[in-house]
Protein chains: 2
Amino acid sequence: MIIWFYKNLKIRGGNINKKITIRDIARALNINPSTVSRALNDKPGVKPELKKKIKEKAEELGYIVSFQAKSLRTKKTMTIGIILSDIKNPFFLDFLDGVERVLFHRKYKILLATSNEDVNKEKTYLKWFLEHGVDGIMISPTCGNDGSNNLMLLRQIKKRGVPIVLYDRKFQEAETEFDSVTINNYQAIVSAIKYLVKDMGHKKLGLCLIEPMVYTLKERYRGFIEGCKFFGAKHKENWIVILSKDEEKNMEKLKQFFEESGPTAVIASNHFITQQLLKTAKKLNKKIPDDLSIIAFDDNIENELYETPITTIKQPVVLIGKNAAIMMVGRLDGEDVIPQNIVLNSELIIRESVKKL
Amino acid sequence: MIIWFYKNLKIRGGNINKKITIRDIARALNINPSTVSRALNDKPGVKPELKKKIKEKAEELGYIVSFQAKSLRTKKTMTIGIILSDIKNPFFLDFLDGVERVLFHRKYKILLATSNEDVNKEKTYLKWFLEHGVDGIMISPTCGNDGSNNLMLLRQIKKRGVPIVLYDRKFQEAETEFDSVTINNYQAIVSAIKYLVKDMGHKKLGLCLIEPMVYTLKERYRGFIEGCKFFGAKHKENWIVILSKDEEKNMEKLKQFFEESGPTAVIASNHFITQQLLKTAKKLNKKIPDDLSIIAFDDNIENELYETPITTIKQPVVLIGKNAAIMMVGRLDGEDVIPQNIVLNSELIIRESVKKL
DNA sequence: TTGAAAGCGCTAACAG
DNA sequence: CTGTTAGCGCTTTCAA
């Protein structure tokens, strides 16, 4: 932890906006600015006593380095641009927590952006990141409902030498082209299905996804289809529901899970969906797991506290953040290996939302 | 929404890191860099046809403005530093959502920091913000358990001309010194007590806070003490519990709410506390509201979905963010009025967690 | 309406 | 070990 104190940030002599520069320090000590620069940056070749004097004088004058100037020369801004795909999802709090812990110690700062699943907004922020000269970019890329994305732009940015780390999501068309940290979404779903079928005796399964169908969700979809086939569970086309942001419509769609011939268990592929599902259940006065068994994604604390504690596929979200940040820092330190794809494992937390049939 | 396309970000001639500058544009057009600058910034005094040609050429060459260079001259970085006091609290997701919506349209970017209630970490980030030349700072200041804070530093920063907007919390010692956006915490608690006593017949009340005792919590504490007095409710010293981050200890402390002579209703003053309380209830097999009535702060969706939907003091969090950002943008635009203190109202959402006595 | 020149604050050769 | 010099990319006078 850096303990730091602006002893003399206060304005002296009423000269409100007089900014102290290394020249001021140099002048005060009758030396050259470059020596001051060397001393302040702990570069070799400054006599210890002089260095000490310089640092003291800097402190005394309330000197603050200007990163604008510094970056202009060094081409490093010590900032990492991070794009969140949906600011309403608590997933990103944990993610940011993990990222920040790593970056803070390396003195990297976070330039935060949110795409809210809008490809154009994402593009705008990517441009802004470039303008601000971020040293690296972390992104969970979104896509339009038509499948459009910013892959081309990201390729160009990468070619420019800006390291990119994808987290949570990657590009199907370019699996190994970028560094990435994801979880094994396919396997997570398959394990859940195994549990539902083998352990709990379910035969009719449903799946609930949300627009847009990004990589992560496609993988879960694939896991669902193949998992059902492998473990011999039935699924119908209309048991796979894709929600939007429209809560009214969502409830309408979710009703079918609770209807006569619906599935006996359903997998809710994110936090928002789980809430929509529980809301619908409450409204229809249906009981979990008696009327429907549920497995949720994302283990938020409340999943444990609901009337029926929810069985959950727990993603190591903080770890995703940490790994992504460590990966980024490695690239920034000049690690030159081919793109790495870290795939973390999720864990099935068994609670009480799945009924034994 | 800015629709933007790097037609020519791609690398030409294998010259990977050749950065296009206004000089390149100028050279290509046989004009002076200053003219290019004027054109690109839509400054007056460039013939329309020339301006058009310049912009086209810029696009063609894949020009990206350098904010490091630009800021060095203009002293504006178009970034706002934002410090969150606790990244685990979903409050900040809504807050950031509100902020970002406003800042995005004004092309301000967010430099994100988290203090996690650590005064020294907060100080470090404030220093970093200064080094990076943020145009403004938004902060919900934390304090040590000994009451220490960064008020002095913030005063110095403000004197330097960097606008500061406090959100959610302010300084008791300096109420009107900074712009701020908060909610009426005092009144929120009083209203809750009125509801508990007058409407629901409770006479013995408890309160649950969390370290550190920042402004917000002090106000809630004050509201609790005075509200109890005003409406004639009893409260004992050990019915006012202050939690820490230590979940084990917390549960121990919370138990007393459920014991024989404890209060009949308790107000949980944030999201985390509510969860701890529900967890404890579940563990002790106590029922809400039969064994204890609860009013929670922060209306997260799950409050509605619990077995007993939780009666909640709903803070207009997104609005706090929006207002804080609007305030900031106003200052940045040069609004010169005395510091403004916006106090928003919270709302009591009545559900089923309070028993009628 | 455009050009020339200076300089924001810093670092990095190159000298000494 | 320290000084000199040049220049990062941009804007902003001042001049033409």
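Letters A, B, ... mirror the listed sequences (proteins, then strands); counts begin at 1. Keep in mind that the numbers below use all heavy atoms, side chains included, and drop hydrogens, waters and symmetry copies. Model, not experiment: these values are computed from the prediction.
- The main-chain N or O of Ile31(A) is never found under 3.5 Å from a side-chain atom of Thr35(A) such that the two would form a donor-acceptor pair.
- Atom P of nucleotide dT4(D) and atom CG of Asn30(A) are separated by 11 Å, given to the nearest angstrom.
- Screening residues 322-331 of chain A for side-chain hydrogen bond (donor to acceptor under 3.5 Å, both in side chains) gives Asp179(A)-Arg331(A) as the qualifying pairs, with residues at least two apart or on separate chains.
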Under a 4.0 Å heavy-atom criterion, the protein footprint on nucleotides 10-16 of chain D, written with B, S and -, is BBBB---
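- Residues satisfying the ring pair (Phe, Tyr, Trp, His ring centres under 6.0 Å) criterion with Phe95(A), sequence neighbours excluded, are Tyr167(A).
- Between the side chain of Asn150(A) and the main chain of Val119(A), a donor-acceptor pair closer than 3.5 Å is present.
- The side-chain contact (heavy atoms from CB on, under 4.5 Å) check on Arg27(A) picks up Arg23(A), Asp24(A), with sequence neighbours excluded.
- Checking Lys75(B) against Lys47(B), the closest nucleotide of DNA chain C that is more toward the 5' end is the one next to Lys47(B).
- Taking the side chain as every heavy atom from C-beta outward, Thr182(A) and Leu166(A) never approach each other to under 4.5 Å.
- For residues 50-58 of chain A, proximity to DNA chain D is found at Leu50(A), defined as any non-hydrogen atom under 4.0 angstrom from a strand atom.
- With sequence neighbours left out, the salt bridge (Lys or Arg N to Asp or Glu O under 4.0 Å) criterion links Arg106(B) to Asp333(B).
- Residues forming a salt bridge (Lys or Arg N to Asp or Glu O under 4.0 Å) with Lys70(A) (at least two apart in sequence, or on another chain): none.
- Where the helix from dT1(C)-dA16(D) to dG16(C)-dC1(D) starts and where it ends, the local axes point in directions that differ by 40°; five pairs per end, rounded to 10°.
- Protein chain A contacts DNA chain C from dG9(C) to dA13(C), reading 5' to 3' and using non-hydrogen atoms of the protein with a distance under 4.0 Å.
- Listed by chain and residue number, nothing satisfies the ring pair (Phe, Tyr, Trp, His ring centres under 6.0 Å) test with Phe129(B) (two or more places apart in sequence, or in another chain).
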Would you mind writing out the side-chain donor-acceptor pairs for residues 42-49 of chain B within the sub-3.5 Å range, not counting sequence neighbours?
residue	atom	partner	partner atom	Å
Asp42(B)	OD1	Lys51(B)	NZ	3.0
Asp42(B)	OD1	Lys55(B)	NZ	2.8
Asp42(B)	OD2	Lys55(B)	NZ	3.4

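- The two atoms that bring Pro339(A) and Lys158(A) nearest to each other are CG-NZ, 4.1 Å, heavy atoms only.
- Shown here are the salt bridge (Lys or Arg N to Asp or Glu O under 4.0 Å) partners of Lys170(A), two or more places apart in sequence or in another chain: Glu175(A).
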